[in-house]
Amino acid sequence: RIKYCGLEKKYDLVVLGSMSIRTGVLDVVEALSILKQEGHILKLKLIGNPSLDQTLWQQIKKLIESENIKGQLYITGKIPYSEVPKELLDCKISIIPLLDLPKFRNNMATKQFEYMATGLPIISTKLKPQQYFIKEGFNGLFYEPGNVRNLANRIKYLIENPEIARRMGEN
């Protein structure tokens with residue numbers, strides 16, 4: 001566990017918001033299992049309720065069992081909006097894993113501002129709306145939507161370079 005500004009960060013990764021196949025949450029869980037196979041045992045916090053999308057939930061449960069990552073995944077379920085900042089404070093790296101779908105090519109993810117407000121570096125899919133406020137190498141990193149290996153590499157980079165991650169979060 002690492003402390004930043006006196007706060008303990010017990011989760012390496014966080015995804016906030018509505019959870020469905022199209023929002024890319026499964027890609028993050030798959031990246032978690034890839035990183036485990038490479039010797040990086042990371043903890044992921046999902047702030048939301050993935051069980052509302054039964055297809056997503058069944059696939060997450062299958063990955064949890066087949067990759068033995070149950071202890072690495074914490075799901076808050078739906079929480080009051082006023083609790084979001086507190087839930088983000090014990091996390092190190094935030095992720096916006098949206099897939100390349102028409103809706104996400106036009107809509108800016110509100111979660112990026114919540115992540116920024118709590119000083120988290122952001123790893124986001126490289127979709128135009130996120131590129132207005134997230135700048136590569138300054139306050140975040142991008143990866144190609146749906147490219148789980150690319151996402152895992154970005155996570156690994158920030159985990160292995162905590163000073164860079166901290167600086168991105170400050171920016």
ILVMFWY cluster, Leu158 and Ile155 together (side-chain gap under 4.5 Å): yes
Heavy-atom closest contact (Ile47 atom, Ile79 atom, distance): CG2-CD1, 3.5 Å
Euclidean distance, Ile64 CD1 relative to Ile75 CD1, rounded to 0.5 Å: 5.5 Å
CD on Gln58 to OG on Ser51, rounded to 0.5 Å: 10.0 Å
Would Phe142 end up clustered with Val148 when hydrophobic side chains under 4.5 Å apart are linked, directly or stepwise? no
Measure from the side-chain N and O atoms of Asn147 to the backbone N and O of Asn150, and report whether any donor-acceptor pair falls under 3.5 Å. yes
Which heavy atom of Met19 sits nearest to which heavy atom of Gly17, and what is that distance? CG-O, 3.2 Å
Value rounded to 0.5 Å, distance of OH in Tyr11 from CD in Gln72: 12.5 Å
Examine distances only and state if a side-chain atom of Lys36 and a backbone atom of Asn68 form a donor-acceptor pair shorter than 3.5 Å. yes
Under a single-linkage definition using a 4.5 Å side-chain heavy-atom cutoff for Ile, Leu, Val, Met, Phe, Trp and Tyr, are Ile34 and Leu42 assigned to the same hydrophobic cluster? no
Kindly give the heavy-atom pair with the smallest separation between Ile21 and Asp53, and that separation in Å. N-OD2, 3.0 Å
Is it true that Lys43 and Asp12 make a salt bridge, defined as a side-chain N closer than 4.0 Å to a carboxylate O? no
Hey, does Arg154 have a side-chain heavy atom less than 4.5 Å from the side chain of Ile93? no
Under 4.5 Å between any side-chain heavy atoms of Thr125 and Leu99, yes or no? no
So how far is it from Glu144 CD to Leu127 CG, rounded to the nearest 0.5 Å? 8.5 Å
So do Asp90 and Lys45 actually touch side chain to side chain, heavy atoms under 4.5 Å? yes
Working to the nearest 0.5 Å, report the span between CD of Glu65 and NZ of Lys70. 9.0 Å
Applying the side-chain contact (heavy atoms from CB on, under 4.5 Å) criterion to Leu32, which one of Leu151, Asp27, Leu63, Leu13 satisfies it? Leu13
Please identify each residue that fulfils side chain to side chain donor-acceptor pair (under 3.5 Å) with Arg167, with sequence neighbours left out. none
Can you confirm whether Lys135 is buried at NZ, in the sense that more than 12 heavy atoms of other residues, nucleotides or ligands lie under 6.0 Å from that atom? yes
Linked, directly or transitively: Ile164 and Leu141 (ILVMFWY side chains, under 4.5 Å): yes
Please find the pair of heavy atoms, one from Gly48 and one from Thr76, that lie closest to each other, and give the distance. N-OG1, 3.3 Å
Give the C-alpha distance, both sets of side-chain angles, the deciding distance and a yes or no for side-chain contact (heavy atoms from CB on, under 4.5 Å) between Glu67 and Glu30. CA-CA 9 Å; Glu67 300 298 326; Glu30 288 176 358; over 6 Å; no
Please tabulate, for side-chain N and O atoms in residues 108-123, each donor-acceptor pair with protein atoms closer than 3.5 Å (sequence neighbours left out).
from	atom 1	to	atom 2	distance (Å)
Lys111	NZ	Leu16	O	2.4
Gln112	NE2	Ala109	O	3.3
Gln112	NE2	Gln130	OE1	3.3
Glu114	OE2	Tyr81	OH	2.9
Tyr115	OH	Leu16	N	2.9
Tyr115	OH	Ile95	O	3.0
Thr118	OG1	Glu114	O	3.1
Thr118	OG1	Tyr115	O	3.2

Separation of Asn49 CG from Leu56 CG (nearest 0.5 Å): 10.0 Å
Exercise: identify the closest heavy-atom pair between Tyr143 and Ile96: OH-O, 4.2 Å
Closest contact, heavy atoms only, Asp100 versus Pro145: N-CB, 3.7 Å
Single-linkage hydrophobic cluster Ile69~Ile60, side-chain heavy atoms < 4.5 angstrom: yes
Is the shortest side-chain heavy-atom distance between Arg105 and Lys128 below 4.5 Å? no
